[in-house]
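Right, one structure below, let's go through it.
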Amino acid sequence: MLNNYQYRISNVMEVSQAVISDLPTRPAFPLRRHLIYPTLEVREGLLDVINLKTCNLLPLIAERNSSLGKVYAPSQKMRYELTFYHAIGQCKKALEDTPTADQALLAQVSSIYQAKHDNLPAELWNGIFTAKELELNFSRAKETLPLIDDGSSQNSINAMKTLIGIIRAPLAGDRWELPPALDTIESSYNVLYNNRSGPKILSSLQLLTTHLSQASDTLERGLQQKQLCFNNTPSTRAKIIQNVFYKYYIGEVQPYLANVHKYAVAWTAVNKELMASFKAYNLEPPEQLAKYQHVVLSHDEPDSLWARYLEARNKHTQSWQKLLKQCGMMPKHSD
């Protein structure tokens, strides 16, 4: 679609079409070893001496010590840690509210609770940022969004919002509850893994940036080389280029551009919300990730993907305005 659009502009403006090079390679997402936060395991001795039945932790600990539990994926380790933290917190609260509670047991439970509390931000971080599913959503794959929206990008954004809701649950206070979505957490990770919408959105931004920039240059060169209109009166060639504007730019390019723009805004916003969630835990991103976010996801950095896309889009709009004004063909409000 974009190649056809550029060809038609080039043909009418009688300017040789620029060769479309491959999309620029985006910066690489940081390696997993640069993203993982260290955590401290609760000493087994503490778990051995507390009355596990009192805290209803036996099923959880048995699950963790099983053959599958020892090789948890990041998502499952995060689910386990959240569930354990919630259970030990409830146990601690129940003991504190019981005047006849065993004080030695309360001290042991409080010690485990504090260890899990201190570990929780890093466990949540690792559950998100060391997962293969998230890594694939920031790969340098160059597949773009389809011309017709298939809903997969919105599904991916919704999956990210679900994960944000899960990691923010403990921030609700002492009486926080495990979010229902925790039971089906794998479905959100599966959506991210199967759709891989992140690189499609970013590649689409880059594709539009490249094509719109080159189409703008073609329009500008055409106007410089040969006068298109005389005395504000459209020539035959001007009427043909006007048809290109309406049929191909308004009819084909703009709907795709609007779709990419919408998902790019939503994708970067949900990632910003994710980072803000960890800041609420006083956890800052590693330096490599912060740099990546500035270049790839930021709306504020002047040399980010978003900034270059906006520049290309605005320049293209201005090029069309210049041409259409010169010929008295600017669209009316009713057009």
Side-chain angles (χ1 to χ4, degrees), residues 1-11 15-31 132-157 160 192-221 248-249 252-272 288-289 291-320:
M1 178 265 293
L2 290 170
N3 282 330
N4 179 54
Y5 173 61
Q6 272 197 253
Y7 164 76
R8 291 182 180 279
I9 291 176
S10 174
N11 190 47
V15 174
S16 59
Q17 186 176 2
V19 177
I20 301 295
S21 58
D22 197 10
L23 292 180
T25 300
R26 292 186 296 276
F29 193 65
L31 297 174
K132 183 69 173 178
E133 294 85 350
L134 191 94
E135 183 181 308
L136 287 171
N137 273 274
F138 292 97
S139 76
R140 293 193 280 188
K142 295 185 177 181
E143 183 182 355
T144 56
L145 293 176
L147 293 180
I148 299 175
D149 186 5
D150 60 6
S152 61
S153 294
Q154 188 59 55
N155 291 339
S156 294
I157 290 163
M160 290 287 282
L192 292 173
Y193 181 87
N194 292 327
N195 292 347
R196 306 183 191 188
S197 298
K200 294 177 186 177
I201 293 169
L202 298 176
S203 291
S204 298
L205 275 183
Q206 291 180 293
L207 184 72
L208 283 167
T209 300
T210 299
H211 279 273
L212 292 179
S213 294
Q214 294 191 355
S216 299
D217 290 342
T218 302
L219 287 170
E220 294 288 345
R221 286 164 55 203
Y248 298 100
Y249 181 59
E252 295 182 1
V253 174
Q254 274 205 342
Y256 183 69
L257 186 151
N259 206 43
V260 172
H261 185 103
K262 175 182 71 173
Y263 284 130
V265 168
W267 181 250
T268 52
V270 79
N271 278 278
K272 186 176 181 179
Q288 291 90 337
L289 182 60
K291 289 180 179 177
Y292 176 89
Q293 294 237 333
H294 280 310
V295 174
V296 177
L297 298 176
S298 174
H299 280 204
D300 304 318
E301 291 296 312
D303 200 38
S304 67
L305 261 64
W306 179 257
R308 291 196 290 270
Y309 151 73
L310 282 184
E311 182 182 7
R313 185 201 64 177
N314 294 342
K315 180 185 176 183
H316 195 63
T317 299
Q318 292 162 6
S319 295
W320 271 118

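Reckoned from all heavy atoms, side chains included, excluding hydrogens, waters and symmetry mates.
Residues W306 and A264 share a closest heavy-atom pair of CZ3-CB, 3.7 Å. The two residues L305 and V296 have their closest heavy-atom pair at CB-O, 3.9 Å. L208 and L257 make their closest contact through CD1-CA, 4.0 Å (heavy atoms, listed as atom of the first residue, atom of the second, distance). Here the closest heavy-atom approach between residue F138 and residue P199 is recorded as N-CD, 4.3 Å. Between M1 and V253, the closest heavy-atom pair is SD-CG2, 3.7 Å.
For K262, the salt bridge (charged side-chain N to carboxylate O under 4.0 Å, His left out) criterion is met by no residue, not counting sequence neighbours. Residues that satisfy the salt bridge (charged side-chain N to carboxylate O under 4.0 Å, His left out) test with D300, not counting sequence neighbours, are absent from this structure. With sequence neighbours left out, the salt bridge (charged side-chain N to carboxylate O under 4.0 Å, His left out) criterion links E133 to no other residue.
Counting heavy atoms from C-beta on, the side chains of I157 and S197 never come closer than 4.5 Å. Looking only at side-chain heavy atoms (C-beta outward), S153 and K200 stay at 4.5 Å or farther from each other. Within the 4.5 Å cutoff, side-chain heavy atoms of L205 are placed close to those of V260. Residues T25 and K142 form a side-chain contact, since some pair of their non-hydrogen atoms from C-beta on lies under 4.5 Å apart. Using a 4.5 Å cut-off on side-chain heavy atoms (C-beta onward), M160 and L134 make contact. For the pair L145 and Y256, the minimum side-chain heavy-atom distance is below 4.5 Å. Proximity of L2 to Q6: side-chain heavy atoms (C-beta onward) are nowhere separated by under 4.5 Å.
In this structure, E135 pairs ionically with K132, as a charged nitrogen and a carboxylate oxygen lie closer than 4.0 Å.
Atom OG of S203 sits about 3.5 Å away from atom CZ of R26, to the nearest 0.5 Å. Rounded to the nearest 0.5 Å, atoms CG (L207) and CG (L23) are 5.5 Å apart.
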Problem set entry | Verdict with supporting geometry, S152 and D150, side chain to side chain donor-acceptor pair (under 3.5 Å) | CA-CA 6 Å; S152 61; D150 60 6; 2.7 Å; yes
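A donor-acceptor contact shorter than 3.5 Å links the side chain of S304 to the backbone of S298. Checked by atom type and distance alone, the side chain of K315 never pairs as donor or acceptor with a backbone atom of S216 at under 3.5 Å. Side chain of N155 to main chain of G151: a donor-acceptor pair is present (N/O by atom type, distance under 3.5 Å, no hydrogens or angles). For the pair S10 (side chain) and V15 (backbone), a donor-acceptor distance under 3.5 Å is present.
Within the 6.0 Å centre-distance limit, the rings of Y5 and H316 are counted as a close aromatic pair.
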